[in-house]
Amino acid sequence: MTPAEAKKRIADLRKQVTHHAELYYRQAKPEISDHDYDQLERELADLEKQFPQFASAESPTQKVGDDRLQGFQEVAHRQKMLSLDNTYNEEELRAFHTRLTKLVETDDLRYTVEPKIDGLAVSLTYEAGKLVRAVTRGKGDKGDDITANVLTIAMLPRQLKGTAPRVVEIRGEIYMTQAEFERLNAERVAAGEELYANPRNTAAGTIKQLDTAEVARRKLSIVLYSLGYCEPEVVASQTALQKQIRAWGLPAVEKYWTVRGIDEAWAAIGELDRIRRTFAYGTDGAVVKLDDVAQQRLAGSTDKSPRWAIAYKYKPDTARTRLKAITIQVGKTGILSPVAELEPVHLSLSTIARATLHNEDEIRRKDIRVGDLVEIERAGEVIPAVLRSFPEERPAGAKEFNLFEAVGGKCPVCGGKIARVEVDTESGVGAAWKCQNYDCQAQRAGRLGFFCSRRALAIDGLGETVAAKLVELGLVKDPPDLYDVSLETLATLNLGTAEEPRVFGEKNAAKLVAAREAARTLPLEKWLYALSVPDVGESTARELGKRHRNFVELADSKLLQAVLRKAALEEEKELQSPNSKKNPAKDEAEKERRKARRVEIDGEIAALNDGILAGVPSDIGPAVAASTLEFFASEHGQRLRAKLDKLGIDPQGTVLTAGKFTGKTFVLTGTLPTLKREEAEQKILAAGGKTSGSVSKKTSYVLAGAEAGSKLDKARELGVPVIDEAEFLRLLQG
Ligand code: IVH
């Protein structure tokens, strides 16, 4: 097949697959057999692999990104979806019971005790027994319509058995079984892709972010446990509901208890804890509910949660084992982090041999030493952590850990210099050692992995192992070098050892090539984020991407220079304070001079704020500005840009700088009749205009809504035109 023929066939197949997927997954009215559908899809996928130049993120074979979220419709729940209050110990649980005895005016209370499923809440509406809608909890009053995705859940009946109410909202949890989670992750390991974090996030990501075909491929499960709106009412107790759910043929919790009094409830919570790990879904607690529906009504609800039910959260799983060694990992920024090498131990369904120790300060604070018996914890996250040590059982001669000594004063990977730097940690600012060599292999591999990660350029197929291998072989120094690695080289890449080879393979290589080609045209914000500019996180990259057309403009950014100028002026102003203690004025004359200078400074700052810095968010501060400008001026920054030029990659900013409002500054005040403030701002930015927080002579328009305040007065005083929403929209169109 020639490329031209392939192109045509691919376009044709995409149309067909999209059409049938729509019929099959969304409307559940397929026109062709599953087998025929699969064949079409496979042919398309094969062609896209064979001709990666025609790969496209829009193809039905690819997952779709964020924009698909906009495709979800917001739907109101007939009855609000509440959440649950939590308790963490027996005392709090008993306090819940005491409160209820007062509200219900009896101390003879029946409860149900059920597992608390760690999934994602969903409300299913059945009308006359037929499933018509599935909606996420959303904000409680309304959520996203996820019906199409929920219809892929094989175990969920579309039709209730027996007699069904006219309308009923049945609520429960969507989850992913441990087995399915492991199956998906095994697939990803084989394809060299990033691993999913845990079943819960994978389930949530699956139901809300991917196309329906992909949702169907990752088998989701569901379990139901409560009612919302129900007409006519069908049950008088939670126990009856548990039975009804089963009678309707719906999946229900594996076990629940109906008990009398809080002592029995407490005992059931203990029993549940002993068996819950055998369930198909993850559980992080027990839910205790007042059994009697009439009593539930008496107890009532707050805005957030019912007073008649409570969650009891179990402590995360922990285990004890021996700390064999502390090794040091070097991350993409060069930070040296300690890792605990453990005597393998079983914890929450997996065997743990490594755990994070966070940082050196943490090791000292917890007095953890090599050879210690330690307690490790796994709290839902992928990486288990070392909680504590048992100094009383410490082997003789165990020494306090010193990271600098452990690495012999140099980077354990490249042997380069290390330096003490400040870092943000979960518990505030701390200090860490950092490898100073930008070209350290560990940093290179880290940056390459990050470059390809889902939040960056989403070059699927390149995970940690492949990144490390490409760097180790010298095939990639800077991330964009990835574009020079040929399909053949990738296909024959040995990820194993000489004795035990594990070849990356044709299929994976083709997929990677297609993904890297698709990334070429991603916007500036994605590329900027992907290149690991220090201090530039995702949201900063987005803001910068909106305000610069390309890397050329960014590298010499007038805006960032203005941010630095403003910071310098503010610093000078501080020093020029007439009564400065740090920098005392010599005499009255100097005080006067300072006052005058401060007026000048204020003027210059105001001009910047109303001009080039108008509407620039605080994300883009002096640290970001300095670090971005330095990065592009640095030798490696220039090297990166030269490389991108050579590859013909020229990512574009997301905002048209020339538009209806180019050169115009707007000030918004009051409440507009239809547009939200952010929407109006967005429209202004998108049309090349700016917004500012204060009215000055330079303001082009004040866009005023109801209850506009002092800004309106100021505008009138200065003779700045005041417009309303209708006029604003006319300007935008006209
Ligand atoms: S009953 C009005 N029962 O936990 C009562 N919720 O943290 C609302 N959850 O929003 C919920 N297992 O999504 C109930 N057996 C169970 C549950 C359960 C998990 C979820 C539910 C709720 C959240 C609160």
Side-chain angles (χ1 to χ4, degrees), residues 77-88 92-93 96 100 103 111-124 134-144 146 150 168-177 198-201 203-204 207-208 220-230 233 235 237-246 250-259 265 268-269 271-273 275-276 279-293 295-314 379-380:
H77 298 296
R78 287 181 200 241
Q79 185 179 304
K80 211 170 158 189
M81 281 183 90
L82 297 176
S83 95
L84 289 169
D85 285 340
N86 289 324
T87 56
Y88 298 92
E92 288 171 7
L93 183 78
F96 158 77
L100 273 184
L103 287 167
Y111 293 107
T112 62
V113 175
E114 307 168 2
K116 183 172 191 306
I117 297 111
D118 195 11
L120 127 137
V122 64
S123 180
L124 308 176
V135 184
T136 63
R137 181 165 70 185
K139 288 182 295 173
D141 52 348
K142 51 186 170 188
D144 277 345
I146 51 167
V150 168
V168 60
E169 289 176 327
I170 309 175
R171 280 145 187 198
E173 214 81 0
I174 292 173
Y175 66 94
M176 184 176 280
T177 63
N198 55 49
R200 160 52 255 195
N201 291 353
I207 207 79
K208 293 256 355 222
L220 289 173
S221 308
I222 192 167
V223 52
L224 298 148
Y225 50 65
S226 86
L227 283 191
Y229 181 84
C230 183
E233 281 180 30
V235 293
S237 71
Q238 176 67 15
T239 305
L241 175 63
Q242 285 291 0
K243 293 182 178 149
Q244 184 60 257
I245 288 170
R246 290 162 179 80
L250 297 172
V253 295
E254 274 166 80
K255 184 150 172 71
Y256 70 93
W257 291 256
T258 305
V259 299
I269 288 174
E271 273 181 55
L272 172 60
D273 194 20
I275 59 169
R276 67 192 175 98
F279 296 165
Y281 34 78
T283 52
D284 57 350
V287 183
V288 180
K289 299 176 184 171
L290 198 53
D291 194 33
D292 187 273
V293 170
Q295 287 182 339
Q296 291 178 1
R297 293 229 170 86
L298 272 177
S301 299
T302 67
D303 259 1
K304 205 196 126 227
S305 45
R307 292 197 189 86
W308 48 265
I310 203 140
Y312 173 85
K313 293 288 206 101
Y314 293 116

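Just so you know, ligand 1 is whichever comes first in the structure, and atom 1 is the first atom listed for that ligand. As a basis for the values below, the full set of heavy atoms in this structure was taken, side chains included, without hydrogen atoms, waters or symmetry mates. Keep in mind that what you see is a predicted model, and the values were worked out from it rather than measured. All residue numbers refer to positions in the sequence shown, counting from 1.
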Next on the checklist: The criterion is ring pair (Phe, Tyr, Trp, His ring centres under 6.0 Å); which residues satisfy it with Tyr314, sequence neighbours excluded?
Outcome noted: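 Here the qualifying residues are Tyr312.
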Next on the checklist: According to ring pair (Phe, Tyr, Trp, His ring centres under 6.0 Å), who are the partners of Phe279, at least two apart in sequence or on a separate chain?
Outcome noted: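 Applying ring pair (Phe, Tyr, Trp, His ring centres under 6.0 Å) to Phe279 gives Tyr281.
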Next on the checklist: Show me, by chain and number, every protein residue that has a heavy-atom distance under 4.0 Å to ligand 1.
Outcome noted: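 Correct list: Leu82, Ser83, Leu84, Glu114, Pro115, Lys116, Ile117, Ala121, Arg137, Glu173, Tyr225, Val287, Lys289, Pro306.
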Item to check | Atom NZ of Lys243 with >12 non-hydrogen neighbours under 6.0 angstrom | outcome: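 Count not over threshold, so no.
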Checklist outcome for this item: Sorted by chain and number, sequence neighbours left out, side-chain contact (heavy atoms from CB on, under 4.5 Å) with Arg137 holds for Met81, Ser83, Ala121
Checklist entry - Rounded to the nearest 0.5 Å, what separation is found between the CG atom of Leu290 and the CZ atom of Phe96? => result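 It is 7.0 Å, given to the nearest 0.5 Å.
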Checklist entry - When rounded to the nearest 0.5 angstrom, what is the spacing between CD1 in Ile310 and CG in Leu100? => result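 With rounding to 0.5 Å, CD1 (Ile310) is 8.5 Å from CG (Leu100).
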